[in-house]
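Here is the structure we will look at.
In each ligand, atom 1 is the first atom listed, and ligand 1 is the first ligand listed.
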Amino acid sequence: MNELDRNRAMISECDDVILDALAKRMKCLQDVISYKKATGMPILQPDQERRKMQAFEDKIRKSGYDEYEAELLDIFKYILRNSRRIQAKALFDYNIFLIGFMGAGKSTIARGLSEKLEMQRVEMDELIVQKQQMSISEIFDEYGELYFRNLESNCLIELQKQKQTVVSCGGGIVMREDNRDTMKQNGRVVLLTATPETILERVKDSDERPILNNHMNVDYIAGLMEKRRERYQAAADVTIQTDNKTVTEICDEIITKLIMMDNQKEEA
Ligand code: S3P
């Protein structure tokens, strides 16, 4: 055996050790999942992840591996990210549909959730815009609302193929009962709410909400919200009020409520 072969053999031995350790680590993760499931604890605990990264850094320095510090930390970061993904997969093996009035925070929360849970994210309006090569306003102007609603329903049906995706729906998705059924078939539906005043504040500068064209005022928003209220509520598995809350607070609340709901379903 020459030197190259000897080193290659040693690398293979190291890889075996790494593989065994990772498999052992994943087994331990399953227990963590069971615990979090039973207690409704959030998956991502930034403090715990920070503590872990710090511990890695300290260990690398203490062990004299400084030369490879950046590369080693990169690997550990990746391992932690995967831990989050594995945990989320075990807890949420379905799509999470975010519904609610325009400006309720669906897109922002979808981004936050997909990051926290390492899940894929789809923005329904964006998908429609991409497919049609037209803006939402252009679609409304040229083909009318009914045409847009059909595109929306088709988009939802296509999304049934996907799993473990956070979907930020258009505000009017609940207007069709079929859409509500489609969402429930392979997912949980989370309703985000906000007061008309908060909604106006969030959407007042938008020119991509044809439904609100020439109606950018609290009274109109409150009226339309009221008209849709029952439909939103009928579709929702869980409801989260978003006024004066941070993205992290809202995401944690969603995660906790979904886990509690799933636990109850399992017990029933
Ligand atoms: C609509 C909401 C919009 C968009 C379209 C119609 C509605 O989505 O789908 O302008 O009827 O409420 P956002 O809620 O994401 O703005």
Hey, which atoms in ligand 1 end up nearer than 4.0 Å to a heavy atom of G172?
1 (C), 7 (C), 11 (O), 12 (O)
Show the numbers, then the answer: is there a side chain to side chain contact (heavy atoms under 4.5 Å, CB included) between F56 and L72?
CA-CA 9 Å; F56 287 144; L72 289 170; over 6 Å; no
Can you tell me if D243 uses its side chain to pair, donor with acceptor, with the backbone of T195 under 3.5 Å?
yes
Before giving the answer on side chain to side chain contact (heavy atoms under 4.5 Å, CB included), spell out for K257 and D237 the whole-Å C-alpha distance, their side-chain angles and the decisive distance to 0.1 Å.
CA-CA 9 Å; K257 280 195 175 172; D237 289 313; over 6 Å; no
Give the atom numbers and elements of ligand 1 that come within less than 4.0 Å of a heavy atom of K106.
13 (P), 14 (O), 15 (O)
Examine R188 relative to F92 and say whether NZ or CZ is less than 6.0 Å from the centre of the six-membered ring and inside a 45° cone about the ring axis.
no
Heavy atoms only: which of V174, V129, I199, I211 lies closest to atom 6 (C) of ligand 1?
I211
Rounded to the nearest 0.5 Å, what separates atom CD in E249 from atom CD1 in I240?
11.5 Å
Ligand 1 versus M175: contacting region, heavy-atom distance under 4.0 Å
neither
Any chance you could measure N213, atom CG, to R209, atom CZ, to the nearest 0.5 Å?
11.5 Å
The atoms of ligand 1 lying under 4.0 Å from a heavy atom of P210, numbered in the order shown, are 10 (O)
Among protein heavy atoms, which lies nearest atom 2 (C) of ligand 1, and at what distance?
G171 N, 3.3 Å
Are the side chain of K106 and the backbone N or O of G170 linked by a donor-acceptor pair below 3.5 Å?
no
Considering non-hydrogen atoms of the protein only, which is the closest contact for atom 16 (O) of ligand 1, and what is the distance?
R209 NE, 2.7 Å
In plain terms, say whether E3 and R6 are close enough for a salt bridge, that is, a side-chain N and a carboxylate O under 4.0 Å apart.
no
Counting non-hydrogen protein atoms only, what is the nearest one to atom 4 (C) of ligand 1? Give residue, atom name and distance.
D125 OD2, 3.0 Å
Say whether R228 and ligand 1 are in contact under the criterion: heavy-atom distance to a ligand atom below 4.0 Å.
yes
The answer for which part of R149 has a heavy atom under 4.0 Å from ligand 1 is side chain
One finds that the ligand 1 atoms under 4.0 Å from a non-hydrogen atom of I136 are 5 (C), 10 (O)
